[in-house]
2 protein chains.
Amino acid sequence: MTNRADSAAATRVALLRAAGDLLDAGGPAAVTLRAVGAQAGVSRGAPYGHFPDKEHLLAQLVVDGWLELAQVLDRIRNGGESADAKLEAALIALLDVAARKPHLYALMWSAPTGDPSQIVEAAGRSQDVFLGLVGDIVGREDARRYGALLMSSAHGIASMELSGHLSKQKWNTTPRALVAMLVQALPGASSAGGVSAGDQT
Amino acid sequence: MTNRADSAAATRVALLRAAGDLLDAGGPAAVTLRAVGAQAGVSRGAPYGHFPDKEHLLAQLVVDGWLELAQVLDRIRNGGESADAKLEAALIALLDVAARKPHLYALMWSAPTGDPSQIVEAAGRSQDVFLGLVGDIVGREDARRYGALLMSSAHGIASMELSGHLSKQKWNTTPRALVAMLVQALPGASSAGGVSAGDQT
DNA sequence: AGTACTCACATGACAACGTCACACGAAATG
DNA sequence: CATTTCGTGTGACGTTGTCATGTGAGTACT
């Protein structure tokens, strides 16, 4: 039980969890290595045994975020709903990350730091699911163009909402409504949509 | 000529310009009050005579960014092209800011800091031009919904490009092509055989 | 004109931060 | 049991944002 490797792996996980919690609670400014160490029950220098520097620690948080989103998207894709509904649910899942963990979401969409290739690969895992879902509607031919358009649009909606530039008063709409518009405008989509998937936001 | 008020106003401008240059050149990390002071020819403590803190200095940079974009958009709107072309040019102008000043662009779309109301107001100046341009195509009725969708989509494209998640290899498209798709998909656009909603100029 | 005031700016100081070098002690190895 | 390994704690250093204080040139008052 007092295995050394296991103990080290446990503190590594504790460090990541502590960093994630601090990020969620107080934003990037609250994530100091001293605070992370304290919350993880170790000292301020301990992270350097597991990560080259602070940037790589945050990068790992981003990687985990993309991988977790990919899992959610996979579950949606394997669901039994219509292609339209599944695509809309996937887009809403993206909005959900933004709503639930805004600071992590912002980090996921900032320029990759630390180990960029690892981030790009993890993000690609989520993007591939989008590609597949869009392909089911518009066909393999146009899947990539429309996939890029839909993913960036959904991200734009989430980002605009997060930054406070999407006030309901000014635009008279909501992120959910905009996503619905996106899906319905897709060539090959059925106009009638009874979407019941997606989480609360 | 060595008027005290004028001199102070000049250093304020110099501070903002220095901060902007440092931001463009080295990203947010390069913008330290010491470096800003040095580049503006004053000391590290001088900014505190003009801004409450660093956050407010950066916020002013964001405000200026939005106002400058609004001017560009206004010039586009008053141009002689077709409504479609003008809207596309406006969206491309947004991409242009992202391409030319990526760090400032990222700041403009992050959660407002310092004096949020001032930022929201400046951003609104740009958003209103978008609203008008979109209204010229889809009509006043739907202008707000479509305006929000177009602006957030364009921002999403720019953001995805900036963060490196829009690789041409994966998606087989470019930001410009995506913007073109957006405009053509708009109901009332000339090239797409869509509904002929209100068309005014 | 000469004096007192004002205010923009410079400077010293402090706490907090990321990071490194080093020390310690317990697990792992023979 | 002796030795090595390695995860972690600790001291230290340079840098940062910020404030308190000093200073000197422009401004106002008599």
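Here is how names work: the chains are called A, B, and so on, in the same order as the sequence lines, proteins then strands, and each is numbered from 1. Nothing here was measured: the structure is a model prediction, and the numbers come from that model.
- Of the two residues near DNA chain D, Ala5(B) and Leu33(B), the one whose nearest nucleotide lies more 5' is Leu33(B).
- The Asp53(B) side chain lies nearest to dT18(D) when the options are dC9(C), dT18(D), dG9(D).
- For Leu58(B) and dG17(D), the CG to P distance is 10 Å, given to the nearest whole Å.
- Using a 4.0 Å heavy-atom distance criterion, Val31(A) is classed as a sugar-phosphate-only contact.
- The distance between atom OH of Tyr48(B) and atom P of dG12(C), rounded to the nearest whole Å, is 17 Å.
- Note on ring orientation: taking the six-membered ring where Trp is involved, the planes of Trp109(A) and His165(B) are perpendicular (angle over 60°, cut-offs 30° and 60°).
- When rounded to the nearest whole Å, the span between CG of Asn3(A) and P of dT8(D) equals 12 Å.
- Residue Lys54(A) contributes atom NZ, which lies 15 Å from atom P of dT16(D) at whole-angstrom precision.
- A distance of 6.0 Å or more separates the ring centres of His56(B) and Tyr48(B).
- At dC9(C), one or more side-chain N or O atoms of Thr11(B) fall inside 4.0 Å of OP1 or OP2 (strictly under the cut-off).
- When distances run from any side-chain atom of Arg34(A) to the nucleotides dT27(D), dG18(C), dG9(D), the shortest one goes to dG18(C).
- Counting to the nearest Å, the P atom of dG7(D) and the CZ atom of Phe51(A) are 13 Å from each other.
- Between Arg12(A) atom CZ and dC6(D) atom P the separation is 17 Å, expressed in whole Å.
- Checked by distance alone, Arg4(A) brings a side-chain donor or acceptor within 3.5 Å of a matching partner on the base of dT5(D).
- Of the possible donor and acceptor atoms, none in the side chain of Arg176(A) sits under 3.5 Å from a partner among the backbone N and O of Ile92(A).
- Distance, Leu15(B) CG to dG17(D) P: 13 Å, rounded to whole Å.
- Between the base of dG9(D) and the side chain of Arg44(A) there is no donor-acceptor pair shorter than 3.5 Å.
- Within the 4.0 angstrom heavy-atom criterion, no nucleotide atom of any strand lies near Gly49(B).
- Atom pair Asp6(A):CG and dT8(D):P shows a separation of 12 Å (rounding to whole Å applied).
- In this structure, of dC9(C), dA12(D), dA10(C), it is dC9(C) that holds the atom nearest to the side chain of His50(B).
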Check your understanding: Is there a side-chain hydrogen bond (donor to acceptor under 3.5 Å, both in side chains) between Asp128(A) and Ser126(A) once you walk through the steps?
Key -> CA-CA 5 Å; Asp128(A) 286 341; Ser126(A) 286; over 6 Å; no
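- Not one side-chain nitrogen or oxygen of Thr32(A) sits closer than 4.0 Å to the OP1 or OP2 atom of dA16(C).
- No donor-acceptor pair under 3.5 Å is formed between the side chain of Lys168(A) and the backbone N or O of Thr173(A).
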